[in-house]
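Step one of this worksheet: look at the structure below.
This structure is a prediction, so every number in the text was calculated from the model and none was measured.
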Amino acid sequence: MIQYYACSPRETAAMNTAELRSHFLIETMFVPGDIHFVYTHYDRMMVGGAAPLAEPVTLPCPAELRANFFLERRELGALNIGGAGQITVDGQTYDLGTQDCLYIGKGSREVQFSSVDAANPAKYYLLSAPAHKEYPTTRRTQAEATPVEMGTLETANQRTIYKYIYNEGIPSCQLVMGLTQLKPGSVWNTMPSHVHDRRMEAYLYFNLPENQRVLHMMGQPQETRPLWISNEQAILSPPWSIHTGCGTSNYAFIWGMAGENLEYTDMDPVGIYDLS
């Protein structure tokens, strides 16, 4: 496990491209046959990927957590972006198809991630936040995620939003998690943009065709900074930063937040004319 330390708006505004990438971009999310985590100092969010092949991979307990087991004081969201898989939590197995989500509550001791077919393996994007209360481990399929249609083709941001872990969905302590799929012909995400000072956010971009990229923009509204991002890479968004992007093709992304509350709509909009 590696750690990403928090950066202020002032120091971020002075960073060059290499420095921005080293502080905010997670370039490798999925290591075949392994599980990988980044510990961020933004609301203590952990961002990870589990990529089991023929054998399951077990949720570790990094020494840096100073815990007896990973979920002793934490909760975990797992969203599968690969082939069919299974997650076993303290002996109970949950089937997860592509774009299905599992919330795993505080106090769960043993968690294993599996692929049904090693030739078409599951890929689990993982988000974990500190937890103060036990909530039940709960699965929500993409079909159960109550899709919301937003945007228009005329503004190139027609998209479907699937909400999994949030106030009206799977209950949690502070973790919020969902997925957005852009329609063919649409390339802009989260535009008009926003910030939310009360919560950090992390994005995983995926379903991006080979040789295509997303130009992700971050920073304060009047000090925006761009980063080119490849398929299945993740980026951290501090509470003070916008988070929006434009692809060279349509794509999907998983969004996840941790912080003050579970309100999906808690955001401060930024007008397009206010960006610079």
Side-chain angles (χ1 to χ4, degrees), residues 20 24-26 29 47 79 81 98-99 101 125 127 140 142-169 176-257 259 262-276:
L20 286 172
F24 300 102
L25 181 64
I26 306 173
M29 285 302 314
V47 182
L79 210 160
I81 65 167
T98 186
Q99 298 186 20
C101 179
Y125 179 59
L127 293 176
R140 175 166 282 202
Q142 186 181 53
E144 298 168 330
T146 316
V148 176
E149 303 296 329
M150 292 190 69
T152 66
L153 191 57
E154 288 76 13
T155 51
N157 67 348
Q158 191 176 19
R159 59 203 189 271
T160 305
I161 299 173
Y162 300 91
K163 292 179 277 188
Y164 297 90
I165 305 172
Y166 72 116
N167 254 351
E168 288 78 37
V176 177
M177 194 172 185
L179 180 154
T180 298
Q181 176 69 59
L182 274 73
K183 304 284 188 181
S186 286
V187 292
W188 278 101
N189 76 71
T190 321
M191 181 58 73
S193 192
H194 61 262
V195 298
H196 30 71
D197 280 336
R198 292 152 296 282
R199 298 182 293 186
M200 66 82 66
E201 189 158 3
Y203 272 22
L204 173 76
Y205 288 102
F206 71 105
N207 280 359
L208 184 65
E210 189 176 0
N211 299 323
Q212 302 297 317
R213 296 291 184 270
V214 172
L215 184 63
H216 180 94
M217 280 170 276
M218 60 167 296
Q220 290 185 298
Q222 286 74 49
E223 286 285 351
T224 57
R225 295 292 183 270
L227 283 175
W228 285 101
I229 299 181
S230 302
N231 188 45
E232 296 184 359
Q233 291 184 336
I235 190 158
L236 304 178
S237 179
W240 46 263
S241 174
I242 66 164
H243 36 279
T244 187
C246 185
T248 56
S249 169
N250 68 311
Y251 51 92
F253 63 97
I254 298 172
W255 40 267
M257 294 169 270
L262 299 168
E263 294 292 341
Y264 173 77
T265 56
D266 178 16
M267 59 188 75
D268 301 316
V270 177
I272 295 172
Y273 46 82
D274 289 326
L275 295 172
S276 59

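Here R213 pairs with W228, S230 under the side chain to side chain contact (heavy atoms under 4.5 Å, CB included) rule; sequence neighbours left out.
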- request: Could you please spell out the steps behind the side-chain hydrogen bond (donor to acceptor under 3.5 Å, both in side chains) verdict for Q181 and T160?
  value: CA-CA 5 Å; Q181 176 69 59; T160 305; over 6 Å; no
- prompt: Under the side-chain contact (heavy atoms from CB on, under 4.5 Å) criterion, do E263 and N167 qualify, and how do the steps go?
  reply: CA-CA 6 Å; E263 294 292 341; N167 254 351; 2.7 Å; yes
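Scanning all heavy atoms of the two residues, the minimum distance from T224 to S276 falls at OG1-O, 2.7 Å. Across every non-hydrogen atom of Y162 and A145, the tightest pair is CB-CB, 3.9 Å. Residues T244 and T190 approach most closely at OG1-O, 3.1 Å, considering heavy atoms. In plain terms, the two heavy atoms of L208 and N231 that are nearest each other are N-OD1, 3.1 Å. The two residues K183 and E149 come nearest to each other via the heavy atoms CE-OE1, 3.5 Å.
Within a 6.0 Å sphere centred on CD of E210, heavy atoms belonging to other residues, nucleotides or ligands number 12 at most.
No hydrogens or angles considered: nothing links the side chains of T155 and W188 as a donor-acceptor pair under 3.5 Å.
Checking each of R140, M177, M257 against I165 for a side-chain contact (heavy atoms from CB on, under 4.5 Å) leaves exactly one that passes, namely M177. Here the options are I242, V270, L275, the test is side-chain contact (heavy atoms from CB on, under 4.5 Å), and the partner is M191; only L275 passes.
A donor-acceptor pair is defined here as one N or O able to donate and one able to accept, closer than 3.5 Å; no such pair exists between the side chain of R199 and the backbone of V176.
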